[in-house]
J.: 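Provided herewith is a single structure, encoded as structure tokens, for subsequent inquiry.
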Amino acid sequence: AKLSISQGGFGTSVALQGNTGVVGNGVGAFVFNFSNLANVTSIPLTSAGSPLTSIGYSVDVSGDVIIAGAAGDATFGQFSGAAYLFDRITGASFAKLTANDAKQNDNFGISVAIDDGRAAIGSVMGGPNNTGAVYLFNAEPGFAGNRQLDRYDQPAPHSPTQFAYN
């Protein structure tokens, strides 16, 4: 089956689990169901923010949860970043994740990974020395409260750095 979306950047990020494919393009992400290759269906994933949030720059899927990074989110200043959790079946967003120490230009969400109810999110300018950090979050659908569990900083900070990039 050939997949195409009219927006540019299609395929910037991809993730696959069973018959579910997630494809990001930097302004959105799409969930594809490949169970019937003659009739592939898709659901768009979008954030409530502007297209400049870069949602879908990074994506991953585990069980019934999809994570999409939005490094361009400006909640805590330009390019502070965020990540969104979505239901794999409905495409509904159920959580927006941001770092507890978020600041402008962190690029939080530049890389994401999810497995077994935990999400790891990269931030190339995060952490106390702006040298990059990886944040661990609870990604369970019904969880209430602060989802951030921990932050892991670059072991031996130096500049320039690409720690947490991918």
J.: Do you know which of V59, V31, V23 makes side chain to side chain contact (heavy atoms under 4.5 Å, CB included) with L45?
T.: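 Of the listed options, the one satisfying the test is V31.
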J.: How long is the span from the CD1 atom in I55 to the CG atom in D73, to the nearest 0.5 Å?
T.: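 One finds 9.0 Å between CD1 of I55 and CG of D73.
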J.: Hey, does the side chain of D87 reach the backbone of I89 with a donor-acceptor pair shorter than 3.5 angstrom?
T.: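 Yes, because the side chain of D87 sits within donor-acceptor range (under 3.5 Å) of the backbone of I89.
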J.: Are any non-hydrogen side-chain atoms of L85 and L97 less than 4.5 angstrom apart?
T.: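 Yes, at least one pair of side-chain atoms sits under 4.5 Å.
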J.: Can you see which heavy atom on Y84 is nearest to which on A70, and at what distance?
T.: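 Taking Y84 first and A70 second, the nearest heavy atoms are CE1-CB, 3.8 Å.
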J.: Mark yes or no for whether S13, through its side chain, and G56, through its backbone, hold a donor-acceptor pair below 3.5 Å.
T.: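 Yes: the side chain of S13 pairs with the backbone of G56.
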J.: I need the S62 OG to I67 CD1 distance, nearest 0.5 Å.
T.: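 With rounding to 0.5 Å, OG (S62) is 10.5 Å from CD1 (I67).
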J.: Any side-chain heavy atom of Y152 sitting closer than 4.5 Å to one from L136?
T.: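 Counting from C-beta outward, Y152 and L136 do come under 4.5 Å.
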J.: Would the distance check show the side chain of R151 and the main-chain N or O of G127 forming a donor-acceptor pair, the cut-off being under 3.5 Å?
T.: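 Not confirmed, R151 side chain does not pair with G127 backbone.
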J.: Between atom OG1 of T98 and atom CD of Q148, what is the distance when rounded to the nearest 0.5 Å?
T.: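 Those atoms lie 8.0 Å apart.
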J.: Please step through side chain to side chain contact (heavy atoms under 4.5 Å, CB included) for the pair Y57 and T12, ending with a clear verdict.
T.: CA-CA 6 Å; Y57 187 84; T12 299; 4.1 Å; yes
J.: Going by atom types only, do N33 and S35 share a side-chain donor-acceptor pair under 3.5 Å?
T.: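 S35 and N33 do have a side-chain donor-acceptor pair below 3.5 Å.
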J.: Between the main-chain N or O of G28 and the side-chain N or O of N25, is there a donor-acceptor pair closer than 3.5 Å?
T.: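 Yes: the side chain of N25 pairs with the backbone of G28.
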J.: Write down the atom of A83, the atom of F108, and the distance for their closest heavy-atom approach.
T.: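 Closest approach of A83 to F108: N-CE2, 4.0 Å.
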J.: When rounded to the nearest 0.5 angstrom, what is the spacing between OG1 in T20 and CZ in F32?
T.: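 So the gap between those two atoms works out to 11.5 Å.
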J.: Is the side chain of D64 donor-acceptor paired with the backbone N or O of R88 at a distance under 3.5 Å, no angle test?
T.: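 No, the answer is negative, given that no donor and acceptor are paired below the 3.5 Å cut-off.
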J.: To the nearest 0.5 Å, how far apart are CG in N138 and CZ in R118?
T.: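 So the CG of N138 and the CZ of R118 are separated by 5.0 Å.
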J.: Taking atom types as modelled, is there a side-chain donor on Y135 or D106 under 3.5 Å from an acceptor on the other?
T.: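 No - no donor-acceptor pair under 3.5 Å links their side chains.
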J.: Work out which heavy atom in D153 is nearest to a heavy atom in A133; give both atom names and the distance.
T.: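 Looking at all heavy atoms of both residues, the shortest contact is OD1-CB, 3.7 Å.
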J.: In terms of hydrophobic clustering (I, L, V, M, F, W, Y; side-chain heavy atoms under 4.5 Å; direct or indirect links), are V14 and F34 co-clustered?
T.: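 Same cluster: V14 reaches F34 through Ile, Leu, Val, Met, Phe, Trp or Tyr contacts under 4.5 Å.
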J.: List the atom of D116, the atom of E140, and the distance in Å for their closest heavy-atom pair.
T.: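 The pair with the smallest heavy-atom distance is O-OE2, 4.2 Å.
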J.: So, F86 versus F94, ring centres under 6.0 angstrom or not?
T.: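 Ring-ring flag for F86/F94: false, centres at least 6.0 Å apart.
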J.: Could you see if F143 belongs to whatever hydrophobic cluster contains L149? Use Ile, Leu, Val, Met, Phe, Trp, Tyr and a side-chain cutoff under 4.5 Å.
T.: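 No, F143 does not connect to L149 through the hydrophobic network.
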J.: For the residue pair S123 and I110, what are the closest heavy atoms and their distance?
T.: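 The pair with the smallest heavy-atom distance is N-CG2, 4.5 Å.
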J.: Short question: side chain of Q78, backbone of N105 - any donor-acceptor pair under 3.5 Å?
T.: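 Not at all, since once roles are kept as given, no pair shorter than 3.5 Å links the two residues.
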J.: Roughly how far, to the nearest 0.5 Å, is the CG atom of N100 from the CZ atom of R147?
T.: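 Output value for this atom pair is 13.0 Å.
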J.: Side chains of Q154 and N129: does their closest heavy-atom pair fall under 4.5 Å?
T.: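 No, every pair of side-chain atoms sits at 4.5 Å or beyond.
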J.: Indicate the atoms forming the closest heavy-atom contact of A139 with I114, along with that distance.
T.: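 Here A139 and I114 meet closest at CB-CD1, 3.7 Å.
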